[in-house]
**Student:** 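Sharing a structure, written as structure tokens. Questions coming.
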Amino acid sequence: MLPFHLVYHEGYDLNLGSHVFPSQKFRLIRERLLAEGFATPEDFVAPEPAPDEDLLLVHERGWIQRLKTGKLSYEEILQLEIPYSPEMARAFCLAAGGTTLAAHLALEQGVAYNIGGGFHHAFPDHGEGFCAINDIAVGIRKLQREGKITRAMVVDCDNHHGNGTAAIFAGDPTVFTLSIHQFNNYPAQKPPSSVDVHLSDGVNDEEYLERLSAAYRFPLHGFHPELLVYVAGADPYREDQLGGLSLTLEGLKRRDRLVIETALREGTAVAIVLAGGYAVHLEDTVTIHANTAKVAKEALEAAGWEKK
Ligand SMILES: [Zn+2]
């Protein structure tokens with residue numbers, strides 16, 4: 001059986017108290033995968049926080065310093081939409097370390113899953129919408145810097161447009177960004193990705209999968225990235241509080257399979273990150289993210305992987 005690693009750290013919890021972002025979900029996903037016998041404690045690997053030199057591949061020094069030292073302005077905290085705490089700042093650094101680790105493992109093993117990260121609304125000099133550090137971009141830039149990869153692709157299937165990621169990689173021919181999202185939703189400003197699929201409200205499984213497949217397969221084949229970062233947001237779910245799409249649990253599994261298995265069959269490694277998920281019942285958010293792990297493992301068994 002091919003190894004399949006889950007990246008997790010107990011410090012992923014953003015320490016938000018009662019907030020629409022259920023930051024305890026990271027721990028609950030781990031517990032669910034253990035309780036169901038899908039994973040054993042040995043399947044989990046813990047990241048180190050991303051060091052400043054890695055964060056600086058994407059972010060401005062002033063932003064990192066203000067975040068780490070608790071010197072964010074009132075406006076900066078308002079824009080983040082989450083309360084400040086040192087634990088929150090550290091959690092973002094851990095998530096960036098986790099996505100970087102998942103990307104490294106993916107190149108070795110085909111797929112790896114960071115049970116965290118996906119903070120796609122973070123920009124180089126500020127954070128937005130519950131996202132302070134763009135772990136997706138840090139992971140890609142780090143692997144490029146190390147010479148492990150040349151080209152990367154981001155497939156962002158969160159309900160919300162990946163504005164930070166799009167802005168960071170704008171004009172960069174080495175990183176292809178695809179975002180499929182509900183158009184009439186946060187963020188108001190949507191800087192262009194390489195490909196944007198703007199969906200109308202209430203889109204269901206069939207239309208979603210058709211639009212994603214049409215937008216995804218051709219650039220994946222033509223661009224042929226060594227690494228794909230799959231932003232597997234749980235919020236396109238029809239019972240999400242912040243999303244306005246109408247995908248079912250089964251539709252979300254089909255989405256996961258489409259992205260992951262297609263990439264593996266093209267010889268592209270897949271690092272998976274979580275992003276949003278605000279289901280009315282937290283259990284559903286946990287189920288959606290846990291299902292992604294199961295689909296990823298099945299896709300790896302089906303498509304196989306040979307380290308390059
Ligand atoms: Zn979202």
Side-chain angles (χ1 to χ4, degrees), residues 12 14 16 19-26 28-29 79-82 88 91-92 95-96 99 113-123 126-137 154-168 177-193 195-205 208 211-212 215 229-249 251-253 255-256 259 272-282 284-292:
Y12 277 0
L14 292 161
L16 303 182
H19 188 281
V20 69
F21 189 104
S23 68
Q24 69 277 37
K25 77 173 180 177
F26 310 114
L28 296 175
I29 296 162
Q79 209 173 10
L80 260 181
E81 298 185 69
I82 47 176
M88 173 268 255
F92 283 114
T99 297
Y113 188 7
N114 184 17
I115 305 179
F119 296 117
H120 56 165
H121 302 312
F123 287 74
H126 72 277
E128 284 182 21
F130 323 147
C131 303
I133 289 176
N134 195 310
D135 56 290
I136 304 157
V154 180
V155 176
D156 189 334
C157 293
D158 190 87
N159 184 90
H160 305 95
H161 179 257
N163 56 344
T165 313
I168 289 165
T177 55
L178 186 162
S179 181
I180 177 168
H181 47 265
Q182 183 195 4
F183 183 72
N184 292 315
N185 205 319
Y186 177 91
Q189 301 293 327
K190 297 176 177 66
S193 314
V195 168
D196 280 307
V197 182
H198 298 309
L199 301 173
S200 38
D201 300 353
V203 159
N204 65 12
D205 290 348
Y208 186 98
R211 299 278 301 271
L212 173 59
V229 179
Y230 173 35
V231 183
D235 48 10
Y237 179 47
R238 61 182 176 184
E239 290 180 36
D240 196 89
Q241 301 173 81
L242 300 186
L245 299 175
S246 296
L247 273 70
T248 64
L249 295 177
L252 288 160
K253 283 171 75 173
R255 173 197 73 166
D256 294 342
V259 174
I272 306 165
V273 297
L274 295 193
Y278 318 92
V280 176
H281 304 290
L282 176 56
D284 288 343
T285 296
V286 174
T287 298
I288 293 163
H289 289 311
N291 283 346
T292 301

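Please read these numbers as outputs of a predicted model, since none were measured by experiment. Numbering of ligands and ligand atoms starts at 1, following listing order. Any value given below was found using the heavy atoms of this structure, including those in side chains, with hydrogens, waters and symmetry copies removed.
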**Student:** Is there side-chain contact between Leu245 and Asp201, with heavy atoms separated by less than 4.5 Å?
**Tutor:** no

**Student:** Checking one value in my table: which N/O/S atom of Asp158 lies closest to the Zn ion (ligand 1)?
**Tutor:** OD2

**Student:** Give me the one residue out of His161, His120, His198 that meets side-chain hydrogen bond (donor to acceptor under 3.5 Å, both in side chains) with His181.
**Tutor:** His198

**Student:** Within 45 degrees of the ring normal and closer than 6.0 Å to the centroid, is that where the cationic atom of Lys190 sits relative to Phe183?
**Tutor:** yes

**Student:** Just give me the atom name: the N, O or S atom of Asp235 closest to the Zn ion (ligand 1).
**Tutor:** OD2

**Student:** How far apart are the C-alpha atoms of Gln79 and Phe123, what are their side-chain angles, what is the distance that settles it, and do they pass the side chain to side chain contact (heavy atoms under 4.5 Å, CB included) test?
**Tutor:** CA-CA 12 Å; Gln79 209 173 10; Phe123 287 74; over 6 Å; no

**Student:** With a cut-off of 2.8 Å, does any N, O or S atom of His160 fall short of it relative to the Zn ion (ligand 1)?
**Tutor:** yes

